[in-house]
Amino acid sequence: MAERYDVVVIGAGPGGYVAGMRAAQLGMRTACIDGRETAGGTCLNIGCIPSKALLQSSEKYAEARNGLAEHGIKISKASLDLPTMMARKDKVVTTLTRGVEFLFRKNKVDWIKGTARITAPGRVVVTGSDGGGQEIEAGVIVIATGSESIPLPGLTLDEQRIVSSTGALAFDRVPERLAVIGGGYIGLELGSVWSRLGAKVTVVEFLDRILPNMDRELGPALERVLTRSGVAFKLATKVVSGELGNETVTLELEPAKGGERETLAADAVLVAIGRRPFTDGLGLDEIGIARDPAGRVTVDSSFATNVPGIYAIGDVIRGAMLAHKAEEEGIVVIERLAGQKTEIDYDAIPSVVYTWPEIAAVGKTEEELKAAGIEYRIGKFPFTANARARTNADTDGFVKVLADAATDRVLGVHIIGPDAGTMIAEAALAMEFGASAEDIARTSHAHPTLSEALKEAALAVAGRAIHI
Ligand code: FAD
Ligand code: NAI
């Protein structure tokens, strides 16, 4: 007889495992199914966590090589032990994926390893790695199957020399020349890792600036810092073709608007031109689950699909492909099923690019406010005028606060700077509470901290910053 659960979650990534835990907390009999050997989805296995581990290690390496002399610390040449760096990254991943498995046990969520297929509303078949099948009955099914990299036609990934983020997290040597296609999150984060470790990195971006979806001032500001550190950029450029030679991959490039072609030779190529929802093998067409033209499962505000009893969250639906967005949706889908009226304010979901300096943003960009015809005021404050940034010798970047011209309500905060990813939490909280720029400006911020730059930018909205 088929095992019966109140909730069956397909996918044990940040969306799925959090939904599973919350369902169990609320007393629902819950199973979470994943085709991987380890829990945690893309984020823990091949995404957020390994990339941040390598960003941290490579930053320490770069600092040891180039960043300590100004502090009066002399060391004779630091050298790279890549196998140890990779082993540390793998250990961090294992620790955290085991942590999720521990939480499954603690919360009494049944973790089922295998590939799930929905055969009918309320029915899921799971195929294990040994080929054996198991049928499960579900009161409710939550699809949390995440996303996969978008391939670039003409460049077949071998994950050795032509790689997606997965291959770029596991190179066994530093490529002498790394071509990165796409100047978005992955291209800039993993491009930074390998540049710090010694690769000559060239980022090829189709549009005329990196981070094209973020506030217009952020991309060019980061480009300037990364250029100084040795990363090369070819903007408004498209890759026309790629040829895999014995030693070298040769890319043919062309200006996005057409024009003279040039070639770019590299030892490895990272394709990072975005991700798309992953629904292969789930059986969605057979049961008639609606998807939009981008392949995203269509849901309403309670995350219900058009088929009763089937819900979807995370990267597989509309919105930013971010782990914490998936997590919030994992909580809300379950709480709504339990009759609670929980909601997500998508404007208050921050995004962070973990380069150095970091980029962090929450709320609307200036371009979005202009397009919506909303009158706004800007307050800006540079880290060169922040005492802590000076003591830390980390003065690149600025904080930009956008506030409603009539009400002073904070509409967006955009930061490029040291630890911007930590600082943005305050801005997200302010936005959740509907704070005004004056609320932030009148809040005491400890001195000397980087967060004082946010206070000063909030003061600057009213033209009364003190330290500039
Ligand atoms: P996923 O984490 O993708 O999990 C989906 C799971 O479903 C997978 O484990 C998959 O095996 C499983 N699955 C799929 N189909 C089936 C099936 N039929 N049966 C069983 N199981 C199935 N986001 C951030 O917020 N911060 C970051 O720093 C960050 N860094 C990233 C770095 C990289 C290199 C990448 C690639 C992504 C990064 N992301 C980051 C994005 C983040 O990983 C995703 O937004 C997040 O993982 C989405 O969570 P999810 O639960 O929707 O899906
Ligand atoms: P992305 O959408 O961030 O960036 C893709 C870039 O490639 C864009 O700048 C786009 O203009 C460019 N592009 C598209 N087609 C191109 C082409 N043919 N040639 C050259 N450039 C092209 O996508 P990315 O970097 O692959 O990351 C996927 C997603 O994963 C992100 O959008 C984000 O949601 C998530 N992610 C989040 C991270 C974080 O939170 N720190 C880190 C890594 C990934």
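For the numbers below, each heavy atom of this structure counts, side chains included, while hydrogens, waters and symmetry mates do not.
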Result of checking Glu252, Glu262, Glu254 against Lys238 for salt bridge (charged side-chain N to carboxylate O under 4.0 Å, His left out): Glu254
Could you tell me which non-hydrogen atom of [X] sits nearest to which non-hydrogen atom of [Y], and how far apart they are?
{"X": "Ala360", "Y": "Ile424", "result": "CB-CB, 3.7 Å"}
{"X": "Phe104", "Y": "Ala39", "result": "CE1-CB, 4.0 Å"}
{"X": "Ala428", "Y": "Ala348", "result": "CB-O, 3.7 Å"}
{"X": "Ile313", "Y": "Val142", "result": "CG1-CG1, 3.9 Å"}
{"X": "Gly167", "Y": "Glu159", "result": "N-OE1, 2.9 Å"}
{"X": "Ile374", "Y": "Tyr376", "result": "O-CD2, 3.2 Å"}

No-hydrogen, no-angle side-chain donor-acceptor test under 3.5 Å, Thr97 and Asn45: no
Residue pair Glu426 / His445, side-chain donor-acceptor N/O under 3.5 Å: yes
Within-4.5 Å side-chain heavy-atom neighbours: [X] and [Y]:
{"X": "Asp396", "Y": "Phe383", "answer": "no"}
{"X": "Thr407", "Y": "Ser436", "answer": "no"}
{"X": "Leu450", "Y": "Thr422", "answer": "no"}
{"X": "Ile331", "Y": "Val18", "answer": "yes"}
{"X": "Leu282", "Y": "Ile10", "answer": "yes"}
{"X": "Arg388", "Y": "Pro418", "answer": "no"}
{"X": "Thr30", "Y": "Asn107", "answer": "no"}
{"X": "Arg36", "Y": "Ile46", "answer": "yes"}

When you check the gap from the basic side-chain N to the acidic O, do [X] and [Y] get nearer than 4.0 Å?
{"X": "Arg177", "Y": "Glu247", "answer": "no"}
{"X": "Glu205", "Y": "Arg209", "answer": "no"}
{"X": "Arg105", "Y": "Glu101", "answer": "no"}
{"X": "Arg318", "Y": "Asp292", "answer": "no"}
{"X": "Glu335", "Y": "Arg22", "answer": "yes"}
{"X": "Arg276", "Y": "Glu148", "answer": "yes"}

Given Glu260, Arg261, Lys234, the one that forms side-chain contact (heavy atoms from CB on, under 4.5 Å) with Leu253: Lys234
Hey, is [atom1] on [X] packed in by over 12 heavy atoms from elsewhere, all under 6.0 Å?
{"X": "Glu176", "atom1": "CD", "result": "no"}
{"X": "Arg173", "atom1": "CZ", "result": "no"}
{"X": "Phe433", "atom1": "CZ", "result": "no"}
{"X": "Arg409", "atom1": "CZ", "result": "no"}

Which distance, rounded to the nearest 0.5 Å, do you find between the [atom1] of [X] and the [atom2] of [Y]?
{"X": "Leu178", "Y": "Arg161", "atom1": "CG", "atom2": "CZ", "answer": "13.0 Å"}
{"X": "Arg224", "Y": "Ser229", "atom1": "CZ", "atom2": "OG", "answer": "14.0 Å"}
{"X": "Thr365", "Y": "Asn213", "atom1": "OG1", "atom2": "CG", "answer": "9.5 Å"}
{"X": "Leu222", "Y": "Thr355", "atom1": "CG", "atom2": "OG1", "answer": "4.5 Å"}
{"X": "Leu322", "Y": "Tyr185", "atom1": "CG", "atom2": "OH", "answer": "5.0 Å"}
{"X": "Arg377", "Y": "Asp408", "atom1": "CZ", "atom2": "CG", "answer": "5.5 Å"}

Donor-acceptor pair, side chain of [X] and main chain of [Y], under 3.5 angstrom:
{"X": "His414", "Y": "Lys364", "answer": "yes"}
{"X": "Glu223", "Y": "Ile210", "answer": "no"}
{"X": "Asp215", "Y": "Glu366", "answer": "yes"}
{"X": "Thr395", "Y": "Ala393", "answer": "no"}
{"X": "Arg390", "Y": "Thr384", "answer": "yes"}
{"X": "Ser164", "Y": "Thr166", "answer": "yes"}
{"X": "Glu328", "Y": "Lys325", "answer": "no"}
{"X": "Glu243", "Y": "Thr250", "answer": "no"}
{"X": "His467", "Y": "Phe381", "answer": "no"}
{"X": "Lys455", "Y": "Thr443", "answer": "yes"}

Working for side-chain contact (heavy atoms from CB on, under 4.5 Å), residues Ile181 and Leu251: CA-CA 10 Å; Ile181 308 178; Leu251 299 178; 4.1 Å; yes
Pairs satisfying side-chain hydrogen bond (donor to acceptor under 3.5 Å, both in side chains), at least one member in residues 187-197, at least two apart: Lys52-Glu189, Ser58-Arg196
Trace of the side-chain contact (heavy atoms from CB on, under 4.5 Å) decision for Val399 with Glu456: CA-CA 9 Å; Val399 179; Glu456 290 277 359; over 6 Å; no
Working for side-chain contact (heavy atoms from CB on, under 4.5 Å), residues Phe278 and Val316: CA-CA 6 Å; Phe278 181 78; Val316 82; 5.9 Å; no
Verdict with reasoning, Lys89 to Met86, per side-chain contact (heavy atoms from CB on, under 4.5 Å): CA-CA 5 Å; Lys89 174 230 6 165; Met86 288 292 174; 3.6 Å; yes
